[in-house]
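Contents: one structure, followed by commentary.
These figures come from a predicted structure and were not determined experimentally. What's counted below: heavy atoms across the whole structure, side chains too, no hydrogens, waters or symmetry copies. To find a chain, count down the sequence lines: A is the first, B the second, and so on, and within it residues start at 1.
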Amino acid sequence: GNSVTQMEGPVTLSEEAFLTINCTYTATGYPSLFWYVQYPGEGLQLLLKATKADDKGSNKGFEATYRKETTSFHLEKGSVQVSDSAVYFCALREQGGSEKLVFGKGMKLTVNP
Amino acid sequence: DSGVTQTPKHLITATGQRVTLRCSPRSGDLSVYWYQQSLDQGLQFLIQYYNGEERAKGNILERFSAQQFPDLHSELNLSSLELGDSALYFCASSVGTGTYGYTFGSGTRLTVV
């Protein structure tokens with residue numbers, strides 16, 4: 001079946017550090033790919049998405065590029081802030097049937113001032 | 001406020017009991033998805049309804065059931081509760097089948113004691 005594998009952490013960075021969270025997927029066809037963020041005590045919020053190969057999603061300084069050849073969707077940010085402390089989930093949207101989201105296990109990021 | 005409303009926010013109950021979690025989707029959304037988030041299993045898809053009809057089932061136990069009503073709100077019923085059912089239960093909604101994205105509620109935290 002479809003699956004998502006991502007770095008699990010936890011990871012602690014200093015403010016203004018560079019962030020990369022690796023995400024790879026296994027799926028049939030060409031799924032849409034997403035990054036969701038969960039702040040403490042809150043639900044999941046869509047951070048960015050990409051629907052086809054070579055698409056780049058971007059939002060709030062975060063970027064991720066849909067790489068079909070490596071089945072990857074790595075999340076990057078050039079300079080993290082304390083407010084970026086959260087849990088980050090990579091997910092794919094299955095094609096056909098329910099089109100439900102399949103999530104990775106999530107990675108907790110803490111950014112220290 | 002994401003537009004998806006889940007009640008209650010917190011629920012503490014004893015083993016063997018039955019509870020009902022409620023979800024009101026974002027206005028105009030026809031699909032409702034239920035997910036369970038636990039520390040060991042991560043985010044697991046439970047079930048999806050589309051316009052009142054069950055569309056897909058995931059890792060939902062037989063002790064669990066759900067329905068979507070004519071006004072499109074959904075309820076997840078959990079019975080014969082066990083300690084291992086303690087988790088965060090999320091509801092998400094989408095217009096159709098997620099092409100334009102999913103909106104998550106803030107979740108119901110269930111604690112079984």
Side-chain angles (χ1 to χ4, degrees), chain A residues 1-10 21 23-52 55 57-59 64 66 86-108, chain B residues 1-7 9-10 21 23-26 29-51 53-60 66 68 87-109:
Chain A
N2 298 331
S3 65
V4 174
T5 303
Q6 66 171 107
M7 290 171 59
E8 295 186 26
I21 306 177
C23 171
T24 58
Y25 67 90
T26 300
T28 53
Y30 302 97
S32 296
L33 302 174
F34 303 81
W35 277 99
Y36 278 85
V37 59
Q38 185 178 25
Y39 297 103
E42 298 184 15
L44 280 78
Q45 298 176 25
L46 177 65
L47 183 59
L48 53 84
K49 67 178 182 181
T51 58
K52 61 183 187 296
D55 265 3
S58 61
N59 186 25
Y66 190 145
V87 180
Y88 292 81
F89 293 91
C90 185
L92 65 82
R93 173 176 171 266
E94 293 190 335
Q95 293 182 311
S98 76
E99 289 85 34
K100 70 178 187 289
L101 290 174
V102 175
F103 288 91
K105 294 221 178 264
M107 196 207 80
K108 182 175 181 180
Chain B
D1 181 9
S2 69
V4 177
T5 303
Q6 289 188 248
T7 57
K9 290 194 182 304
H10 302 277
L21 312 184
C23 170
S24 294
R26 198 179 56 162
D29 286 358
L30 299 178
S31 276
V32 170
Y33 305 76
W34 285 97
Y35 288 84
Q36 179 193 57
Q37 184 180 32
S38 61
L39 281 175
D40 54 343
Q41 295 292 323
L43 272 159
Q44 297 288 315
F45 169 70
L46 295 178
I47 197 164
Q48 179 205 3
Y49 280 83
Y50 177 78
N51 203 21
E53 300 290 326
E54 181 184 304
R55 186 173 173 92
K57 260 186 176 179
N59 301 320
I60 188 166
Q68 186 179 27
L88 197 51
Y89 292 83
F90 284 110
C91 166
S93 71
S94 66
V95 172
T97 54
T99 303
Y100 302 105
Y102 307 76
T103 304
F104 280 80
S106 56
T108 293
R109 180 168 295 282

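Close placement of the Y36(A) and F104(B) rings is indicated, their centers lying within 6.0 Å of each other.
The closest donor-acceptor contact from the side chain of Y35(B) to the backbone of L101(A) lies under 3.5 Å.
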(message) The test is side-chain contact (heavy atoms from CB on, under 4.5 Å); show your working for Q37(B) and F103(A) and say whether it passes.
(response) CA-CA 11 Å; Q37(B) 184 180 32; F103(A) 288 91; over 6 Å; no
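Residues F45(B) and K100(A) come closest through the heavy atom pair CD2-CD, 2.8 Å.
With a threshold of 4.5 angstrom between heavy atoms, Q41(B) approaches chain A through N, CA, C or O but not through any side-chain atom.
Per-residue counts of heavy-atom pairs under 4.5 Å with chain B were compared for Q38(A), E42(A), K105(A), Q45(A); the largest is that of Q38(A).
The 12-atom threshold is exceeded at OH of Y39(A), counting heavy atoms of other residues, nucleotides or ligands nearer than 6.0 Å.
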